[in-house]
2 protein chains.
Amino acid sequence: MDVRRLELLRELGERGSITAVATATHRTPSAVSQQLKVLEREIGFPLTERSGRGIVLTDAGRTLARTATDIAVAIERAEAVWNAFVDAPAGEVSIATFPTAGQMFIPGLLKTAAATPGLSLVVSDRDPQLPDFPRLTNDFDVVLAHSPRGLAAGPTPASLSMSSSWSRSTWRCPSAIRSRAARCSRPPTSSTRPGSGCRSATPSSRC
Amino acid sequence: MDVRRLELLRELGERGSITAVATATHRTPSAVSQQLKVLEREIGFPLTERSGRGIVLTDAGRTLARTATDIAVAIERAEAVWNAFVDAPAGEVSIATFPTAGQMFIPGLLKTAAATPGLSLVVSDRDPQLPDFPRLTNDFDVVLAHSPRGLAAGPTPASLSMSSSWSRSTWRCPSAIRSRAARCSRPPTSSTRPGSGCRSATPSSRC
DNA sequence: ACTCATTACGTTGAACGTAAACATT
DNA sequence: AATGTTTACGTTCAACGTAATGAGT
C-alpha cells in the first residue's frame, strides 16, 4: 500500500472526479487514472466504477479512502510535532551579569532553561564598574547591565528588556534565544564578533 | 517529508548503523546513505553525526525518527482496518428453505446479515416434497433440506452444518458466505452452475 | 458536440547498485 | 587489516505528459 497512491484515492473520494484530482494535484488526468489503476492492482479489488461520464468509489474504495485519511492525519500530526521541535528555543546562550542582577534573574532563567530540552545557559558574573561593560555585548548573547543614568526610584526591573538605556543596535541578534530554524538558516553574515553572535548550530556548509 | 525516507531514518534509529538498515531493507549501504542525505537536505537539519566508524542520530534525528514511528503505526493500523474489511463476510448469499425450517433459521440469519454491511441474503421458500430438492444446490448457495432418513428423535438441529446426511461434495463452495478476498481471488473454475456458484464479485478480468 | 476517463507510447529523473575512496579502530 | 560510511558514476524503471481513443450525455 503506497501512501502517495492512497492519497490520490482520498482526493478522488473528496473531489469526485479524476479531472478534479488531477488539477488539484497538478497532474494530468492520465497520470491520476494510471496511478489509481496501479493501486487497484496492488490492492486486488475494484476501487472505482463508472457512473455516467465520471467514476465513483466502490464500497472497497470508500473504506480504503477512509484509511488513507487516517494516514494523512497521522502525517500532518507528525509534521506538527516536527515543526514544534524546530521552532522550540534551543542552543547555547551566554549571559553576562553582575552579582546583584544575577541573584535576581538567573534562578528563574535556569528553571525555564532546564524545562526546555536543547537550551543551555552559560552565565558569567562580571564587575559592573568596569568601564567597558557595554562592550561585553561583543562576547555574550545577553548582557545584564546597570543603566548608566542610574535606576529610577521604584521596583527593580523584572525583565531583560527593561534596560532601555541600551540602544537596540547593541543587540547583534534580534533574539539571543533563537529557535533551531533561525540558527540553522544561514551561516553568519560576516559577523565581526569572533566567538559569539549569530553562530550557526554546526559549521556544516549545507545547514 | 517523504514517508519512505522517514522509514529509513526510523530503522537507523532502531538498528544503529547504515549497514544494518541496508541489509534489513534489502538495499546497499550506498543507497541508504544517499536517501538519508536527501532527507537531511529536505528537512534542512543535520540528522546524523559520525561516531567512531559508525553514525548516530542527532537530537533532531531522534525526534524526527519518533514522528516516523507514529506514521508507521498509523499505516499499520490502516492496513489492519483494510484487512478487516477484506476478510469480512460479504456478498449475496442465496438460500433455499422450506417453511418450517425457514421460520426457525431465517430470523436469526437476517439479524446477523443486517449487522454485517455488504452481506445480503436472498431467501426463497420451496416445497420439501419435490423429488429433486437436492438439485436445488445447483441454484442456491445454501439449501436447507430434510434429512431423507427423517430426523432422529431429540431437539431440533440448531445450525446449518447439522444436516449431516448431505455429503460434503454437495457443497460446491467451501463456504457459502465468503469473504471479499475469497470471492475476488479467481474467476470461477468452470462452474457447471449458471447463476450461482463461486461467482466473483465483478465480471472484471483482473479481479 | 462536449466532457470525462482510458489507452498507447515516449521521456525523464529518482532510486538504486557497483566500485572506489575515505575514516576509524 | 577490518569494518562502516561516503562519493562518483552509470542504469533502470516508475511516474508522468502528450496525443489519440473510448464512453456517456
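If you take CZ of B/Arg27 and C1' of D/dT12, they are 16 Å apart, rounded to a whole angstrom. The CZ-C1' distance, from A/Arg5 to D/dC16, rounds to 13 Å in whole Å. Going from atom CG of B/Leu8 over to atom P of D/dT6 covers 13 Å, rounded to whole Å. The separation between A/Arg4 atom CZ and D/dA14 atom P is 14 Å, rounded to whole Å. Straight-line distance from the CD atom of A/Gln34 to the C1' atom of D/dC13: 14 Å, rounded to whole Å.
Put simply, the side chain of B/Leu36 does not reach to within 4.5 Å of the side chain of B/Val21, judged on heavy atoms. Taking 4.5 Å as the limit, every side-chain heavy atom of A/Thr48 sits out of range of all side-chain heavy atoms of A/Val56. Counting only heavy atoms from C-beta outward, the side chains of B/Glu49 and B/Leu57 never approach each other to under 4.5 Å.
With hydrogens and angles ignored, the 3.5 Å screen pairs no side-chain donor or acceptor of A/Ser33 with any backbone N or O of A/Ser30. Judged by distance alone, the side chain of A/Arg126 and the main-chain N or O of A/Phe98 form no donor-acceptor pair under 3.5 Å. No side-chain donor-acceptor contact under 3.5 Å links B/Ser51 to the backbone of B/Gly54. Under the 3.5 Å distance criterion, the side-chain polar atoms of B/Thr58 are matched with a main-chain donor or acceptor of B/Leu47.
Interatomic distance, CG of A/Asp2 versus CG of A/Leu9, reported as 12.0 Å (0.5 Å rounding). Atoms CG and CG, from B/Asp59 and B/Leu64 in turn, are 12.0 Å apart once rounded to the nearest 0.5 Å. To the nearest 0.5 Å, atoms OG1 (B/Thr69) and CD (B/Glu14) are separated by 6.0 Å.
Using a cut-off of 4.0 Å between Lys/Arg side-chain N and Asp/Glu carboxylate O, A/Arg10 and A/Glu7 are scored as salt-bridged.
Listed in residue order, the members of residues 14-22 of chain A having a heavy atom less than 4.0 Å from DNA chain D come to none. Taking a 4.0 Å limit (strictly below) on heavy-atom distances, residues 47-61 of chain B reaches DNA chain C at B/Gly52, B/Arg53.
For DNA chain C, the contact window with chain B, defined by any atom under 4.0 Å from a protein heavy atom, covers C/dA15 to C/dT25 in 5' to 3' order.
The shortest distance between the side-chain N/O atoms of B/Ser33 and the OP1/OP2 oxygens of D/dT6 is below 4.0 Å.
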